[in-house]
Novice: 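Below is a structure I'd like to ask you about.
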Amino acid sequence: MIDCCIFDLDGVIVDTAKYHYLAWKRLATSLGFDFTEHDNERLKGVSRVESLKIILSIGKTELAPAAFELALKNKNDWYLDYINKIGAEEILPGVSEFLAGVRARGIKTTLGSASKNARLILERIGLVDQFDAIVDGNSVTNAKPDPEVFLTAARAVNVAPERCVVFEDAAAGVEAALNAHMKCVGIGSADVLGKAHILMPGFAGVDIDTVLKRLP
Ligand code: BG6
Ligand code: MG
């Protein structure tokens with residue numbers, strides 16, 4: 001019995017990875033090294049601070065604390081330049097219909113994202129009202145694969161973890177869902193998300209009944 005669907009944001013609701021990539025690439029260029037799309041895969045689901053640490057290790061570069069903070073600020077400012085221009089056209093295929101179907105069945109919907117920009121993004125794409133609770137990078141201290149973000153999202157709507165299913169596109173997020181003792185649907189391929197209970201490429205043409213029937 002599932003009473004709550006918890007959605008990751010980046011890569012599940014909306015494809016923001018390309019904007020994160022452009023902003024991180026600009027930062028890497030400003031620091032004098034290259035950052036490829038292949039490297040960008042390592043940042044999915046990873047917090048802003050951890051992402052910067054990974055990027056600096058790729059560029060074999062170290063930053064003093066003040067420069068590190070400035071790099072985080074610059075990257076986010078550049079990222080927000082893109083985000084402030086997006087709208088509902090950026091919602092991934094089938095997501096709006098899927099959310100509406102979940103809610104019509106009386107199942108709660110919550111957001112469980114590492115992003116500190118999650119609420120702004122939901123506002124920009126017009127989906128804030130489709131969530132009973134929004135838990136993001138501002139509300140938790142421990143990043144995925146720690147289960148905190150998903151446990152907080154479940155608690156916000158008074159649903160036991162065993163009655164939640166998480167939709168995730170990142171390996172760290174799948175781990176977090178399993179660590180929370182929740183069901184997990186991986187959005188993507190088995191090479192990255194093999195530990196999820198079931199996999200699907202996205203939400204196009206999929207409804208919640210189909211997902212619930214497939215879950216173990
Ligand atoms: C995750 C993204 O959802 O949020 C990561 O997958 C990102 O790539 C992280 O680094 C933090 O996002 P933000 O918006 O707080 O920098
Ligand atoms: Mg994601």
Side-chain angles (χ1 to χ4, degrees), residues 5-28 35-58 68-86 90-92 95 98 110-125 127 131 134-150 152-153 165-178 180 182 184-189 192-193 195-196 199-203:
C5 289
I6 306 179
F7 297 84
D8 174 50
L9 176 69
D10 295 312
V12 170
I13 303 279
V14 70
D15 178 20
T16 42
K18 54 183 185 271
Y19 301 128
H20 279 296
Y21 171 65
L22 290 171
W24 284 127
K25 189 174 173 66
R26 182 167 167 186
L27 181 79
F35 176 60
T36 66
E37 264 184 274
H38 178 72
D39 293 331
N40 194 52
E41 286 301 306
R42 292 174 59 188
L43 307 186
K44 287 192 177 165
V46 177
S47 72
R48 198 180 306 170
V49 168
E50 287 306 314
S51 297
L52 179 54
K53 288 181 186 165
I54 292 171
I55 285 168
L56 293 176
S57 74
I58 290 168
F68 190 94
E69 287 306 315
L70 181 62
L72 288 177
K73 182 186 179 310
N74 284 340
K75 184 269 170 175
N76 198 53
D77 287 348
W78 296 328
Y79 177 63
L80 289 179
D81 285 344
Y82 295 111
I83 293 306
N84 280 318
K85 291 188 196 111
I86 69 170
E90 297 267 350
I91 301 171
L92 285 166
V95 167
F98 189 87
T110 63
L111 193 86
S113 168
S115 173
K116 294 186 170 178
N117 298 303
R119 184 171 283 275
L120 169 69
I121 293 170
L122 287 182
E123 280 166 4
R124 296 261 4 141
I125 62 178
L127 285 185
F131 291 92
I134 295 169
V135 179
D136 63 16
N138 300 297
S139 0
V140 295
T141 44
N142 300 304
K144 302 169 187 177
D146 189 283
E148 184 184 1
V149 65
F150 295 141
T152 307
V165 56
V166 172
F167 295 85
E168 254 294 347
D169 73 315
V174 172
E175 295 272 353
L178 300 182
M182 296 176 177
C184 186
V185 177
I187 308 295
S189 57
V192 183
L193 308 173
K195 290 186 184 164
L199 290 172
M200 54 191 215
F203 291 95

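Computed from a prediction, not measured in an experiment: that's the story for all the values here. Throughout, numbering of the chain's residues begins at 1 and tracks the sequence. Remember, it's 1-based here, ligands and their atoms both numbered in the order they're listed.
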Novice: When you measure from atom 5 (C) of ligand 1 to each heavy atom in Asp10, Leu72, Val46, Ile54, which option holds the nearest one?
Specialist: Val46
Novice: Determine whether any heavy atom of Leu9 lies closer than 4.0 Å to an atom of ligand 1.
Specialist: no
Novice: Using the rule side chain to side chain contact (heavy atoms under 4.5 Å, CB included), only one of Leu127, Ile121, Asp8 pairs with Ile13; which is it?
Specialist: Leu127
Novice: With the Mg ion (ligand 2) as the point of reference, which N/O/S atom of Asp10 is the closest?
Specialist: O
Novice: Mark up the atoms of ligand 1 that fall under 4.0 Å of a heavy atom belonging to Lys116, in ascending order.
Specialist: 13 (P), 14 (O), 15 (O)
Novice: In terms of atom number and element, which parts of ligand 1 are under 4.0 angstrom from non-hydrogen atoms of Asn117?
Specialist: 13 (P), 14 (O)
Novice: Say whether Gly137 and ligand 1 are in contact under the criterion: heavy-atom distance to a ligand atom below 4.0 Å.
Specialist: no
Novice: Identify whether the distance between the nearest side-chain nitrogen and carboxylate oxygen of Glu175 and Lys144 falls below 4.0 Å.
Specialist: no
Novice: For Phe167 together with Phe7, are the ring centres under 6.0 Å from each other?
Specialist: yes
Novice: Just how far is it from atom CG of Leu43 to atom OG of Ser51, taken to the nearest 0.5 Å?
Specialist: 4.5 Å
Novice: Is any side-chain N of the basic residue among Glu37 and Lys25 closer than 4.0 Å to the acidic one's carboxylate O?
Specialist: no
Novice: With a cut-off of 4.0 Å, which atoms of ligand 1 are near a heavy atom of Lys44?
Specialist: 6 (O)
Novice: Any idea which protein heavy atom is nearest atom 16 (O) of ligand 1, and the distance to it?
Specialist: Arg48 NE, 2.8 Å
Novice: Quick check: are there more than 12 heavy atoms from other residues, nucleotides or ligands sitting under 6.0 Å from CZ of Arg124?
Specialist: yes
Novice: State the atom name: nearest N, O or S atom of Asp8 to the Mg ion (ligand 2).
Specialist: OD2
Novice: Do Lys75 and His20 meet the criterion of a side-chain donor-acceptor pair at a distance under 3.5 Å?
Specialist: yes
Novice: To check your reading of the model: name the closest protein heavy atom to atom 8 (O) of ligand 1, its residue, and the distance in Å.
Specialist: Leu43 O, 3.1 Å
Novice: Is Asp169 close enough that one of its N/O/S atoms sits under 2.8 Å from the Mg ion (ligand 2)?
Specialist: yes
Novice: Relative to ligand 1, is His20 under 4.0 angstrom through side chain, backbone, both or neither, heavy atoms considered?
Specialist: side chain
Novice: Any heavy atom of Ala170 closer to ligand 1 than 4.0 angstrom?
Specialist: no
Novice: Answer yes or no: is there an ion pair linking Glu168 with Lys195, defined by an N-O contact shorter than 4.0 Å?
Specialist: no
Novice: Using distance alone, with no hydrogens and no angle criterion, decide if Asn117 and Asp136 have a side-chain donor and acceptor under 3.5 Å apart.
Specialist: no
Novice: Counting non-hydrogen protein atoms only, what is the nearest one to atom 6 (O) of ligand 1? Give residue, atom name and distance.
Specialist: Gly45 N, 2.8 Å
Novice: Please classify the Ser51 to ligand 1 contact at 4.0 Å (heavy-atom distances, strictly less than): side chain, backbone, both or neither.
Specialist: side chain
